[in-house]
4 protein chains.
Amino acid sequence: MKPITSALVAQTITPRPADSHKGTYGRLLLIGGNQNFGGAIIMAATAAVYSGAGLVTVATDPENFTSLHAQLPEAMVVDYTDLTFVKQQLKSATVIVIGPGLGTDDLAKKLLTTVLTELTATQRLVIDGSAITLLATHSQPLPAGSIVVTPHQMEWQRLSGLAIVDQTPTANLAAAQQLGVTAVVKSHQTTIYQGISSWQNIAGTPAMATGGMGDTLAGMVGGFSAQFTDFTKAILSAVYVHSQIADDLAQKKYVVLPHQITPLIPQYLHRYSQK
Amino acid sequence: MKPITSALVAQTITPRPADSHKGTYGRLLLIGGNQNFGGAIIMAATAAVYSGAGLVTVATDPENFTSLHAQLPEAMVVDYTDLTFVKQQLKSATVIVIGPGLGTDDLAKKLLTTVLTELTATQRLVIDGSAITLLATHSQPLPAGSIVVTPHQMEWQRLSGLAIVDQTPTANLAAAQQLGVTAVVKSHQTTIYQGISSWQNIAGTPAMATGGMGDTLAGMVGGFSAQFTDFTKAILSAVYVHSQIADDLAQKKYVVLPHQITPLIPQYLHRYSQK
Amino acid sequence: MKPITSALVAQTITPRPADSHKGTYGRLLLIGGNQNFGGAIIMAATAAVYSGAGLVTVATDPENFTSLHAQLPEAMVVDYTDLTFVKQQLKSATVIVIGPGLGTDDLAKKLLTTVLTELTATQRLVIDGSAITLLATHSQPLPAGSIVVTPHQMEWQRLSGLAIVDQTPTANLAAAQQLGVTAVVKSHQTTIYQGISSWQNIAGTPAMATGGMGDTLAGMVGGFSAQFTDFTKAILSAVYVHSQIADDLAQKKYVVLPHQITPLIPQYLHRYSQK
Amino acid sequence: MKPITSALVAQTITPRPADSHKGTYGRLLLIGGNQNFGGAIIMAATAAVYSGAGLVTVATDPENFTSLHAQLPEAMVVDYTDLTFVKQQLKSATVIVIGPGLGTDDLAKKLLTTVLTELTATQRLVIDGSAITLLATHSQPLPAGSIVVTPHQMEWQRLSGLAIVDQTPTANLAAAQQLGVTAVVKSHQTTIYQGISSWQNIAGTPAMATGGMGDTLAGMVGGFSAQFTDFTKAILSAVYVHSQIADDLAQKKYVVLPHQITPLIPQYLHRYSQK
């Protein structure tokens, strides 16, 4: 198991070409946020925008439109009960994030099925939160493609069938291979599995142990994937930078709130892009 | 009557273990915020999240969902008129805060009765604001358990039956014992009563004499109780840190707004955890 | 015509007594904010809270509840179409501000009539914005009491009957006397008239020439009046400090937005209280 | 093609006269923001207010009222489905901005037609975003007057009929002349065409390549046009200052969010006004 290094991150986050426009940096569609968990999709979308994704659209419960726009006017919104409109948005997206605050009701199932059915070979997909729980009971195989799942250990247990005590690197790697995904297994020492490779995140702090931290990570994984060519390195870099910012904040804070990480992302990306 | 000391606070707020996750730091349910007093539950919930509670859910009037999420995406929300859903949330909570902005109508009574009926021996309960007024007319005895009430002097008069002039340390201690609670009696020199012990808060400033200050304290008491083993010390530390932050802000401000205290909580906790 | 001096302000803003509570600093009721002008009452209420008023309630269109609470959880809200509830709130108020964003429709007229009818001798009343326009066509004489109006020159023309070119100090003083009010006539050099006295505000900058500046001033006048014994000096101090903060901000800003003045009020009050 | 120089900007942004009031700095009406693109009109309106426009009104979907007021209490709001009310607002406006987040449905068409029909010779008009797409299919000729369009290259293709590869300075100039407008053609090196003159913006950075950047520019063009006498120089200065702020922020940020540019506008204007 290799550590994620700052050299890998610096290699991933390159200076932007002068002759570029918002279309150059991807069209990200985030799907989630029911009436009870609206904050989750807000945190994910905010992280995606601050990560630099070119155009960000949020498909969510209309209950969340106002609270989202009150803090993030940069994102567009779509009523996630309007499946026809969601499908249209899916067609033009280059990256999809599904799960933060999505819940597990019938609509959530339909949305996940729609995404898995419509996914094309050139799109990238991030599956997080309750979408992972739904995926665990999903009978269809996953489509071939660029898919990353971001479970915490209990969600990984549901998805992989591995009890937490059995989540060894070897078993996790085999499970990720069988699912055909990259797996980011979140714990106090997050590990990442893909194909025959595995990585460990050496950054991170218990000050991050608070609700919403995973939603912010999912948004960053989406935002990085929208911009950086190598999907694997985009994922690894998002995991690393997320924890690195938290580590720095934890030098002075007992607990680091997810929404405090987000505004710092552009500064950290800038520093890496200059290396 | 003992002063609350910074030594006691430092003893309470210990460094977080590396191998921990959000579940380690408690599941907090806050109940309050009707259509007129929504700000109260927002201030309490915000204080709870910044205090480091692992997972925070707010049961409130749906009118308040958007304003809450616009400033605190980290919290989850529940419609407090849906008593079945509130009961479910109660089952999984480790700490409950009831009262900020709750009001005293029939729904408020039902919510308080539900909480008092469902409370288990391992849960901690913070009763604040209008829930104290309701409690004063509540015919049932309080369940045995870990209960703290946070009245100001007029609310304490209603609950204890002691006129403000009769609220001597001895009388207060006897009243708290009879009620079977820890009592935080808020005044310009807040005193705390529990069993045979009483404490005085030596921090505090008249710059705190503004609406909402008690809601923020209730949220901190909830957040500290969710994380720190000793319930009494968690309460005392919340009272002390709340006033200490206000004292420091009052070095430069004529009035300290409750929502200005909250973002500083993580820094103060960090400093204590390093002692 | 005397200048308002910083000595007068320092004399007005005294240190808070240690043994005080939120009730010591007044109960302020603000009435205004229809569906089009909701921002006006938000700015006024925010200024009142940051000025240190003990308890602040906002009677407004329910459309504005969420945007108000999203930035000011400290205030309570009341549906201003519920006249019975508004009357109850009037009874417990020590200071009333009516007008910011109120509009001039039938409801606005009813609210103004209610306030003028219910006003007691011990209450203070601030009449601003569209309530001044309404007052100009109001057939009833104003009740005796502590009333201040805060028109700009065009509103003062409507209320006093004096064309702008005729608004000389002598004419203004006579008009204020006849109305039985203190008049704050806002212009690039605001003047204040009361009884046989008149004052001029020597602070102020054209960077303040932007929408909402008067709403913020109305809130400050209300907040100062809720706390400081001498009504006239409270008004004069609010006018002065409002402009003084803007002058300081204008050292670096071409335009000063009303909501940028507000967070600085507690610092300025602190400095004066230490003199 | 001339570069826009800081000398031109300094010449445009002059110190405000002492004896001025909010009416001196224009009445700006912004029209846009449907249920999906509400953030666009929020960003445009915020930029207009921070640019110093005297009075700012936003005609938008009522869904956006709360999120707008939660961050910008200075603006007034109008339901854009109420065409009668919108027409009234048009009459008193000195500058109109139409397009940010407007969409292209029937209501959008009606609003654009209304604006083009009602426009008077003394008003200034900024046409942005989806209003440009609508304009491309608009059969009526544009009214004579002070009109600026702010397309990106694809929108300019639709409006001018020039494919992106054919958008040479000469062709662009001819197209702008034929349309009778000033054209701001946005790209990584934005160019401006009017009459027989053309300019190039030498400021700008790929950190600006993110959704919403054009909405912020449209708001600045509106805000500058409301205050500064020379329409052309107001437009050129807005383009320049927008990019200059972004350039400065990009010294430390990999991506610059539109809403991060806005709060800095008053400082930059101040500096230019002192030169």
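Treat the numbers as computed from the prediction; the structure is a model and nothing was measured. Chain letters run A, B, ... following the sequence lines, proteins first and then strands; every chain starts at 1.
- If you measure heavy-atom distances from C/Ala70 to chain D, the contacts under 4.5 Å come from the side chain alone.
- Both the backbone and the side chain of D/Val49 come within contact range of chain C, each with at least one heavy atom under 4.5 Å from a heavy atom of that chain.
- The residue among D/Gly23, D/Ala18, D/Gly52 with the most heavy atom pairs within less than 4.5 Å of chain C is D/Ala18.
- Expressed to the nearest 0.5 Å, how far CG of D/Leu107 lies from CG of D/Leu112 amounts to 11.0 Å.
- If you take CD1 on D/Ile192 and OG1 on D/Thr232, they are separated by 10.5 Å, rounding to the nearest 0.5 Å.
- Results of the side chain to side chain contact (heavy atoms under 4.5 Å, CB included) test with D/Leu125 over D/Val95, D/Val97, D/Leu119 single out D/Leu119 as the only residue that passes.
- Remark: D/Ala44 engages D/Leu30, D/Pro100 in a side-chain contact (heavy atoms from CB on, under 4.5 Å) (not counting sequence neighbours).
- If you take CG on D/Leu236 and CD1 on D/Ile4, they are separated by 5.0 Å, rounding to the nearest 0.5 Å.
- When atom types are taken as modelled, the side chain of D/Glu118 and the backbone of D/Lys87 share no donor-acceptor pair closer than 3.5 angstrom.
- Proximity to chain D is limited to the side chain of C/Ile42, based on heavy atoms less than 4.5 angstrom apart.
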Chain D and chain C: which donor-acceptor pairs fall below 3.5 Å?
residue  : atom : partner  : partner atom : Å
D/Thr14  : O    : C/Tyr254 : OH           : 2.6
D/Arg16  : NH1  : C/Pro206 : O            : 3.0
D/Asp19  : OD1  : C/His188 : ND1          : 3.1
D/Tyr50  : OH   : C/His259 : NE2          : 3.2
D/Ala53  : O    : C/Thr210 : OG1          : 3.4
D/Gly54  : O    : C/Gly211 : N            : 2.8
D/His69  : O    : C/Gln71  : NE2          : 3.0
D/His69  : NE2  : C/Gly39  : N            : 3.4
D/Ala70  : O    : C/Gln71  : NE2          : 3.2
D/Glu74  : OE1  : C/His259 : ND1          : 3.1
D/Glu74  : OE2  : C/His259 : N            : 3.0
D/Glu74  : OE2  : C/His259 : ND1          : 2.8
D/Val77  : N    : C/Asn36  : O            : 3.0
D/Val77  : O    : C/Asn36  : ND2          : 2.6
D/Pro266 : O    : C/Tyr254 : N            : 3.0
D/His270 : NE2  : C/Gln251 : O            : 2.8

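- Between C/Ala40 and C/Gly101, the shortest heavy-atom distance links the atoms CB-N, 3.4 Å.
- For the residue pair D/Leu28 and D/Ala53, the shortest heavy atom distance occurs at CD2-CB, 4.0 Å.
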